[in-house]
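This structure is a prediction, so every number in the text was calculated from the model and none was measured.
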There are 2 protein chains.
Amino acid sequence: MSTTNNFQNGEVSIDRFDLHLGSECNEEEPVVLGVDGGTTSTICVCMPLLRISNSHNHLPDPLPVLGRAIAGCSNHNSVGETLARDTLEQVMMEALSTSGSKKSAVQAVCLGVSGVNHPNDQERILNWLREIFPRHVKLYVQNDAVAALASGSMGKLHGCVLIAGTGSIAYGFSEDGKEARAAGGGPVLGDWGSGYGIAAQALTSVIRAHDGRGPHTMLTNSILKSLSLSSPDELIGWTYADPSWARIAALVPVVVTCAEDGDDVANQILNDAVEELALTVKAVVHKLGLCGQDGSGEFPVVLVGGVLIPNKNWDIGQKVVDRLIKTYPGAFPVLPKVEPAVGAALLGCNFYMKEKERNGVI
Amino acid sequence: MSTTNNFQNGEVSIDRFDLHLGSECNEEEPVVLGVDGGTTSTICVCMPLLRISNSHNHLPDPLPVLGRAIAGCSNHNSVGETLARDTLEQVMMEALSTSGSKKSAVQAVCLGVSGVNHPNDQERILNWLREIFPRHVKLYVQNDAVAALASGSMGKLHGCVLIAGTGSIAYGFSEDGKEARAAGGGPVLGDWGSGYGIAAQALTSVIRAHDGRGPHTMLTNSILKSLSLSSPDELIGWTYADPSWARIAALVPVVVTCAEDGDDVANQILNDAVEELALTVKAVVHKLGLCGQDGSGEFPVVLVGGVLIPNKNWDIGQKVVDRLIKTYPGAFPVLPKVEPAVGAALLGCNFYMKEKERNGVI
């Protein structure tokens, strides 16, 4: 997949805010914390408070990450509220500590957390943060997709991100700040383009071939071999033994290999997934009018997640983009060069700047 | 739906075995235990050991059920081995106790248990039973679908049962004892005709309509109202809050009502479910050759489970049968008049008789 990043072409610049440009960390230097809270792990980075604008282009390369820490799952839907809150506090304090910054240096905290689907979810996490940080600290809580978008757009909120890992979601922002999402509800609510969706369809195809409801497929031998099982009957016990979606989604590479080897069933599953993922992005583009009035406006589509990584001949992400471009010729793909936690931190800087501008401070 | 039961037309007879025909229970009278072990509850009945044959028709009506007991889930996939085993022992001892029979009167035990998908599952439960009962007691362990078939066929194993409750499965036996199944793997493995499958598709349709990926549907208001939610966004939290399949499957009546009211999306979901369920039965019929060489042979299709109960204008079971008859004109529907636990007990009598016959005892 070709990678284009218009944010390197004069649209965005990032400078240190407050002119603390030294490479050594000053423990009082204003910092921002960016958190990527996913279903498997939570990552926090501590970065200097950077000035992000759309007028010129001076991206420090590499970006100045002062500290970084990793913890377990912080999705309250998965681990409960107490553990989710404790995990968040722990990972933020550890990132601060490794950066050599004091808690009092924190000016803004921006969290991109999976499981934030409703204002109630946002408010719950904001309440946790208010207990942890003093009142002057600016707090921002977003769905993890927003941080993923920012990781491709370097903190600017414009365009659409498509995440397809274990789950799938599309999330977008228009230039004037409107936002929209599609999918992201988990397997019960039909995220069929996700890694879980692809793998569950593959497992279903094996059962259908076995019990006479579907055609023969290479997936049978390939999946059984990869799971060290001897018969499709054993898949029932295997799926019951651990309902984790990630464990099922881990079968995606087997499906891709079978499709590359010419298996019709595997190809159909991947083509259906491409269709679903393209439809998910299109729904967001349509709602936000990202393509402009004549339909040809340019906008980035940030591609994130294991399903979209271009490491195979059967390139799911590229096919999604091909499909999108047929409808929206101005869509261009972006593969992020920084992790979502850095995206969250840049977003925190962006939000902080805008708030200060609105208040006439800068 | 018209109910036909060929087993009342001279094909099957049930008499008490060993000539204990008194209506009062004798604590030493030979008895059989039949168990229906589902994912929500486990039911055990204690019945006299009855003679079941195919030559004449003397069905006691009502069937003599001496004792009955109910307990919780005994699916080891759901509750673990220890609890599943304890639940089974408890419910069997309680049924014996309410029947006034001694444990020493038990001649045969027949279990139809969900989660028996592999010889290993069968062997595990047989080992539990061997610890509970003396060596001479005949023990039979089957998938719960087999007991459901027997509840329609009054203990005879011929034809196909289709269960569509929370999950779905088809299971059949040919006259010469061959058996086959289709589906029954749970939602990960694609039981889309099941109650869970129907309801999950309906929830998906609500999300798709909400985020712009699908057409407007009455399901949105109807489902939100039935769950006391105010926005489709809240469905994500609702599905995460409790992953129980039965809780989701409980939405089927809402889908049926919307279909009856003319909603296209709901009608499509139910028509797809009918197609899936018919395909599931057809796979079993085809594998067993139940329709005979010319395709017109008669065989019963026993219909079990909440999705197939004919209590609505949109009659899913009837539509499945209509679809089947187009391919197999000799298929005829049977709605069981006894519960699956009684089916299991009758099956126990049948197996016991055949074993005695083979050994020349009778």
Contact summary for [X] and [Y], nearest pair of heavy atoms:
X      : Y      : result
B:R213 : A:A283 : CG-CB, 3.8 Å
A:H210 : B:K287 : O-NZ, 4.0 Å
A:A183 : B:D211 : N-OD2, 2.7 Å

Heavy-atom distance under 4.5 Å to chain A: side chain of B:L203, backbone, both or neither? both

Which atoms of B:T280 approach chain A - backbone, side chain, both or neither, heavy atom under 4.5 Å: both

Looking at B:N127, I'd like to know if its CG atom is crowded, meaning that more than 12 non-hydrogen atoms belonging to other residues, nucleotides or ligands lie closer than 6.0 Å. yes

Counting heavy-atom pairs under 4.5 Å with chain B, which one of A:G190, A:S205, A:P187 comes out on top?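 Ranked by heavy-atom pairs under 4.5 Å with chain B, first place is A:G190.
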
Name the member of A:K282, A:Q201, A:H286, A:E276 that forms the most heavy-atom pairs with chain B at distances under 4.5 Å.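 Among A:K282, A:Q201, A:H286, A:E276, the one with the most close pairs to chain B is A:E276.
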
Inter-residue atom distance A:L189.CG - B:L235.CG, 0.5 Å rounding: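 CG of B:L235 is found 6.5 Å from CG of A:L189.
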
CD1/B:I236 to CD1/A:I169 distance, rounded to the nearest 0.5 angstrom?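 Answer rounded to 0.5 Å: 7.0 Å.
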
What option among B:A199, B:G212, B:G237, B:A182 has the most heavy-atom pairs under 4.5 Å with chain A?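 The candidate making the most pairs under 4.5 Å is B:A182.
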
So do the side chains of A:R208 and B:L279 get within less than 4.5 Å of each other, counting heavy atoms only?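 Counting from C-beta outward, A:R208 and B:L279 do come under 4.5 Å.
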
Honestly, the part of A:I207 sitting under 4.5 Å from a heavy atom of chain B is side chain

Using the side chain to side chain contact (heavy atoms under 4.5 Å, CB included) rule, take B:V188 and A:Y240 through it: C-alpha gap first, then chi angles, then the decisive distance, then the call. CA-CA 9 Å; B:V188 178; A:Y240 273 91; over 6 Å; no

